[in-house]
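These notes are about the structure you will find just below.
Nothing here was measured: the structure is a model prediction, and the numbers come from that model.
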Amino acid sequence: MTKLFDLGGRVAIVTGGNGGIGLGMATGLVRAGAAVVIAGRNAGKNAAAVKALEALGAKAAAVEADVTGQAACRALVEAALDQFGRLDILVNNAGINIRKQPQDYTPEEWKSVLDTNLTSAFLCSQAAYPAMLKAGGGKIINIGSMLSIFGAAFAGPYGASKGGMVQLTKSLASAWAKDNIQVNAVLPGWIDTELTRAARKEVTGLHERVLARTPAGRWGDPAAFAGIAVSLD
C-alpha cells in the first residue's frame, strides 16, 4: 500500500528555518522522510536547528545565507544540489518586522522589510525553478500572514510585504502549473515565535488583545505547522 504523505527521497529548502514556523515546517518535512536544507543568517541558530533535525534521524544541512540577494539565493540552491543531488520543495519563510507608525519609517527600513519578506521569496523561487524543472516538478510554500488581509497600525511594511506574498503566490502558481510546480501560501495568525515575542514587548497591550479575541486563549504553536508543510507537499 502506498504510504500517504511519504516524502522519502525528496529534498527541501526552508528559508528562515532555524526557528519558529520555519523550524516547525522543517520538522514536519523530515518526519515525513525529506532531507532539509536550513537557510538563515545566524550560524549558531542554524547549527542548533540541524542538530535537532538530525536527532530525529533526518538528513539535514544548513547554509548561512542572506536571501535578499540573487547571488545568495542561487548559491543556496546550488548548495542543496551539491549536498543532496536534487530540489523538490521550497519553503519561503524568511521574515522580519520593524514596528512603527507609518510616518516614522525611513525608506531604508521599508526596503529592508520588503526585501527580506517578499523579494527573497521571489528570488529563491526563481533560483529553485530550474532545479524543480529538472526534477519533473516541485512544491513551493510561501509564508504570508493574516496581515496579508488585515491591517495593523504598527506594521505597514510588513503588511505590504505579506499582501504582496499572496499575489506573488498566485502569479507563480499560474505561471508554473504547466511545469508541475504547485505554489501555495499559508497565512498564519498570531504564533508564538521570536518575532512575535518581540512584538509583545514593543506594542503595549498586544498580548492581552490577542488572547481576548482567540477562542483557544493562547498564541499558536509553531509545531502545528509540521502537518501543514507535509500536506502541501
Side-chain angles (χ1 to χ4, degrees), residues 2-65 67 76-77 79-81 83-96 116-117 120-121 124-125 128 131-132 135 138-146 162 165 169 182-198 216 218-233:
T2 301
K3 182 181 176 182
L4 292 176
F5 305 120
D6 181 4
L7 299 180
R10 306 283 183 87
V11 177
I13 289 174
V14 183
T15 71
N18 56 19
I21 291 171
L23 184 55
M25 287 194 154
T27 301
L29 294 172
V30 300
R31 286 187 184 278
V36 172
V37 176
I38 295 295
R41 298 178 184 180
N42 188 313
K45 287 180 65 179
N46 289 350
V50 168
K51 185 176 180 180
L53 295 175
E54 288 179 337
L56 299 174
K59 295 179 180 178
V63 175
E64 189 176 345
V67 290
L76 170 61
V77 171
L81 294 174
Q83 182 84 11
F84 296 118
R86 60 185 291 138
L87 177 61
D88 306 277
I89 301 160
L90 170 65
V91 180
N92 285 311
N93 172 70
I96 62 169
T116 303
N117 296 5
S120 70
C124 285
S125 298
M132 290 185 173
K139 310 284 186 177
I140 298 175
I141 303 173
N142 292 328
I143 307 305
S145 166
M146 288 309 293
K162 294 302 185 177
M165 186 73 97
T169 299
Q182 288 81 48
V183 189
N184 289 284
V186 176
L187 309 186
W190 291 106
I191 309 301
D192 183 20
T193 66
E194 189 175 306
L195 201 65
T196 60
R197 285 192 288 274
R218 63 173 175 80
W219 291 66
D221 185 351
F225 288 83
I228 295 170
V230 174
S231 69
L232 289 175
D233 288 313

Inset, instruction - Measure the spacing between CG of L53 and NZ of K51 and express it to the nearest 0.5 Å. - result: 12.5 Å
Legend entry - Closest non-hydrogen atom pair between L81 and A131, with its separation: CD2-CB, 4.1 Å
Inset, instruction - Starting from the C-alpha separation in whole Å, work towards a yes-or-no answer on side-chain contact (heavy atoms from CB on, under 4.5 Å) for I141 and M25. - result: CA-CA 10 Å; I141 303 173; M25 287 194 154; 4.2 Å; yes
Legend entry - Atom pair CE/CD1 of M165 and I143 - distance to nearest 0.5 Å: 7.5 Å
Legend entry - Set of residues satisfying side-chain contact (heavy atoms from CB on, under 4.5 Å) with respect to A52, sequence neighbours excluded: none
Legend entry - Among V186, N142, N92, side chain to side chain contact (heavy atoms under 4.5 Å, CB included) partner for T169: N142
Check: residues 32-39 side-chain donor-acceptor pairs under 3.5 Å, at least two apart:
none

Inset, instruction - Drop me the distance from I89's CD1 to I140's CD1, to the nearest 0.5 angstrom. - result: 11.0 Å
Legend entry - Closest non-hydrogen atom pair between E64 and A43, with its separation: OE1-CB, 3.5 Å
Legend entry - Nearest-0.5 Å distance that lies between atom CG in L87 and atom CE in M132: 4.5 Å
Legend entry - Where R86 and G9 come nearest, the two heavy atoms and their spacing: CD-O, 3.5 Å
Legend entry - Over all atoms of both residues, closest heavy-atom pair of N18 and G40: ND2-CA, 4.0 Å
Inset, instruction - Might you point out which heavy atoms bring A62 and V50 nearest each other, and give the distance in Å? - result: CB-CG2, 3.5 Å
Legend entry - CA sep, side-chain torsions, deciding dist, call: R41, T116, side-chain contact (heavy atoms from CB on, under 4.5 Å): CA-CA 11 Å; R41 298 178 184 180; T116 303; 3.4 Å; yes
Inset, instruction - Could you pull out the closest heavy-atom pair between A49 and G17, with the gap in Å? - result: CB-O, 4.2 Å
Inset, instruction - Mark yes or no for whether T15, through its side chain, and N93, through its backbone, hold a donor-acceptor pair below 3.5 Å. - result: yes
Inset, instruction - State the CG-CD1 distance between L29 and I13, to the nearest 0.5 angstrom. - result: 12.0 Å
